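For reference, the structure is listed below as structure tokens.
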Amino acid sequence: MRPTPRKALAASALVLAALAAVSLPATPVAAAPQAPQAPRSTASVDAAPQGAASAAAACTPAQVVAGGDFESGTSAWTQSSTGVITSRTGQSAHGGTAFAWLDGVGSTHTDTLSQSVTIPSGCATATLTFWLHIDTAETTSSTAYDKLTAKIGTTTLATYSNLDKNTGYVQKSFDVSAFAGQTVSLAFTGTEDSSLQSSFVLDDIALNTSGDTAPPADSTRTPAAPSYTVSLTSNTAGTVWTGHESATFTNASATALSEVYLRLWDNYHGTCTSMPIAVSNVTGGTAGALSVGCTALQITLATPLAQGQSATIGFDLGITVPSGADRFGYDGAFSFVGNALPVLAVKDGAGWHLDPYTNNGESFYSLAADFRVTLDHPTTLLVPATGASVDAAGSSGRTVTTATASKVRDFAWAAGPFSKISGTSTAGTPINVYSVSGISSANAQSMLTTAKSAVDAHAARFGAYPYGELDAVIDNNFWFGGMEYPGFVLDLVSTTALTHEIGHQWWYGIVGDDEYNSPWLDESFTDYSTDLALGKTGSGCWSSVSWASSAEKITNSMAYWDAHSSRYSTVVYGYGKCALHDLRRLIGDTAMANLLKDYATSHWYGVSTTAEFKAAAQAATTTDLTSFWTTHRIDG
């Protein structure tokens, strides 16, 4: 994804974020999708573990904050005054009627809210989450006059201020696993200066523990070689799709596989009581609990799989696309259906990767898979999609589009009365540009020219584009700038953004990575590739680096960047690509070009890690890179 500076357009996304991670443990699988509704007041937030193993005997998952929704009174909390936990008018709850309101006085004032919590030992992860709304009468865009500090024990997790005001609730998430086995104080302190109020409103505070500390027997990524077969039929608008999906896979690990997890990523865009992605009638296993904001569905296999054995699960699927020009949303007559198909989570040496959805970047970690997707839709709608598509006549007034794709990590499509133009790059890649209404023919033609140039430039550096055709869907209302899927990208009218998204075909698509825990491996590499494709040398760009804190690193996970979102683009995109430019200057242009070409070849359809890249870089030069990694804050 390439963020756009037009953050004013992101307000609707923040509202969606406020609905994102409500989770009902052991929620039954929904029978059919419905339109999104407000979250239930009794629902607890189930923050996702980062690379966490599923629950094992040595760890009993628990939510250790008492009364985090404030609906059952104040007894669990110590508050500076009886009015901190309240339901009075002037603010509203994230769910239910009660909330914690710190400050909002408009004069020199301090409010505190705290609770002693015991984090059990023996669990791999402990994640603190809370929903925060900030409004203020301050008009400055540069000075933090009023502040809220969140602490656990003596550690400050984050400080927010009047500069972080927002129109709705936003969830905050912190890994507090380091406090396992301890009883510590969870505390919030709000301070105001002498004038102009700022209100810090908290709700649905939770601290979830999960995952046994013992890793699996080996680090092999499994389930391997997934193959998905999908058949869906749409309504007349292309906003509701229903049908069936099956997934066949093999256990590559020496450890028997008794369960799998499906990632229902787009349930982030709804609630657990009204899920946009609804799975029912599971075969080949037994559906268990939904977790991680209802974006992860456990399926216990009918028979545990030994190494090398394969199995197939199937299920009925319903997809309801919400309103909004988003990765998953509709903009007028045009629907964008990204990350909607359930895909298998990855289990490796860290256990099951059940990370939360992030709206700032990506969480999507999956292995290369084969897809055969049949989409039955009105003939009036064009349906660009991942893979090679063939259209056939359906029932009266309908078309059946069958898209097949090999060795891709996901599948996405769009539906609408697009304007379409096509061409072929010099190297022979077919390119299709689909534009929503309002995109001029000149801009569409410009994007076609850009796509032809970009796909050939990246292919020349990193290896031939393997996915056949490439579809670019253009809509200037996309608040997020651009978004990559295999053979399919969403974008604004922007040469830089489209070149970036096409670069992701290599860095995330062909060379995969754990996008939640190592976002630099796709975003930094893609922005560096974009510079090269556009003839930019990055001359001197590392000299402008200024770190915000000692904890800030290029290699931080999305858990860190979600808590420091204003720095994400600067560090991961900007500093990350500058570090690669600096590496090129250190080892030489030829060595760097060979390094990336060889690295892509050796990881083709595989998964890259920071440690593997660092080792490959060191092998490409006689210069000791130890100080380079330290200076550029590249850990791993």
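Position 1 is the first residue of the sequence; numbering continues from there. Bear in mind that the values here come from a model prediction, so they are computed numbers and not experimental data.
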Are side-chain heavy atoms of [X] and [Y] found at a separation under 4.5 Å?
X	Y	value
Ile587	Thr623	no
Phe480	Leu490	yes
Phe249	Ile313	yes
Ser524	Ile554	yes
Trp561	Arg567	yes
Asn359	Trp479	yes
Val473	Val489	no
Tyr528	Leu583	no

When you measure from the side chain of [X] to the backbone N and O of [Y], does any donor-acceptor pair fall under 3.5 Å?
X	Y	value
Glu484	Met1	yes
Lys577	Gly538	no
Asp522	Thr526	no
Thr358	Ser363	no
Ser446	Ala442	no
Gln618	Leu625	yes
Lys420	Asn432	no
Gln505	Gly487	yes
Asp456	Thr426	yes
Thr386	Pro486	yes

Evaluation steps, side chain to side chain contact (heavy atoms under 4.5 Å, CB included), between Tyr508 and Asp410
CA-CA 11 Å; Tyr508 140 80; Asp410 200 355; 3.9 Å; yes

Working note: Thr495 + Met447, criterion side chain to side chain contact (heavy atoms under 4.5 Å, CB included); need CA distance, chi angles, decisive distance, verdict.
CA-CA 7 Å; Thr495 296; Met447 292 298 92; 4.2 Å; yes

Determine whether the side chains of [X] and [Y] contain a donor N or O and an acceptor N or O closer than 3.5 Å.
X	Y	result
Asp266	Asn339	no
Ser173	Asp562	no
Tyr575	Arg633	no
His500	Glu523	yes
His458	Ser529	no

From CA spacing to verdict: side chain to side chain contact (heavy atoms under 4.5 Å, CB included), Trp265, Ile277:
CA-CA 8 Å; Trp265 288 113; Ile277 310 300; over 6 Å; no

Among residues at least two apart in sequence or on other chains, which ones pass side-chain contact (heavy atoms from CB on, under 4.5 Å) with Lys172?
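side-chain contact (heavy atoms from CB on, under 4.5 Å) list for Lys172, sorted by chain: Phe130, Leu132, Tyr160, Val170, Phe174.
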
Shortest non-hydrogen separation from [X] to [Y] and the atoms involved:
X	Y	result
Val493	Asn476	N-OD1, 2.9 Å
Lys553	Ser550	NZ-O, 3.9 Å
Thr537	His581	O-ND1, 3.1 Å
Gly423	Leu448	N-CD1, 4.0 Å
Ala385	Asp471	O-OD2, 3.2 Å
Ala600	Val511	CA-CG2, 3.7 Å

Please walk me through it: do Ser608 and His603 pass side-chain hydrogen bond (donor to acceptor under 3.5 Å, both in side chains)?
CA-CA 7 Å; Ser608 169; His603 289 77; 5.2 Å; no

[X] side, atom [atom1]; [Y] side, atom [atom2] - distance, nearest 0.5 Å:
X	Y	atom1	atom2	result
Leu341	Glu245	CG	CD	5.5 Å
Met558	Glu362	CE	CD	7.5 Å
Leu532	Arg584	CG	CZ	6.5 Å
Lys452	Ile502	NZ	CD1	12.0 Å
Asn517	Thr609	CG	OG1	12.0 Å
Ser425	Leu470	OG	CG	9.0 Å

Can you check whether [X] and [Y] have ring centres sitting under 6.0 Å from each other?
X	Y	value
Tyr599	Phe613	yes
Trp520	Phe525	yes
Phe334	Tyr434	no
Trp507	Phe462	yes

Could you check whether Glu515 pairs with Arg409 (Lys NZ or Arg NE/NH1/NH2 to Asp/Glu carboxylate O, under 4.0 Å)?
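Here Glu515 does not pair with Arg409 in a salt bridge, since their nearest N and O are not under 4.0 Å apart.
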
Quick one, Trp629 with Asp635, criterion side-chain hydrogen bond (donor to acceptor under 3.5 Å, both in side chains). Give me CA distance, side-chain angles, the key distance, then yes/no.
CA-CA 7 Å; Trp629 306 126; Asp635 291 351; over 6 Å; no

Determine all donor-acceptor pairs shorter than 3.5 Å in which one atom belongs to a side chain in residues 539-548; sequence neighbours excluded.
residue : atom : partner : partner atom : Å
Ser543  : OG   : Gly540  : O            : 2.5
Ser544  : OG   : Cys541  : O            : 2.8

Side chains of residues 367-374: which donor-acceptor pairs under 3.5 Å do they make with residues two or more places apart or in other chains?
residue : atom : partner : partner atom : Å
Asp370  : OD1  : Lys407  : N            : 3.1

Quick one: do Tyr560 and Tyr568 satisfy ring pair (Phe, Tyr, Trp, His ring centres under 6.0 Å)? Show the steps, please.
CA-CA 9 Å; Tyr560 179 89; Tyr568 170 60; over 10 Å; no

Should Phe478 and Phe336 be marked as a ring pair (Phe, Tyr, Trp, His ring centres under 6.0 Å) after you check the CA-CA gap, both sets of side-chain angles, and the distance that decides it?
CA-CA 10 Å; Phe478 289 142; Phe336 314 104; 4.9 Å; yes

I would like to know whether Val571 and Asn556 meet side chain to side chain contact (heavy atoms under 4.5 Å, CB included); could you show each step before the answer?
CA-CA 10 Å; Val571 176; Asn556 282 345; over 6 Å; no

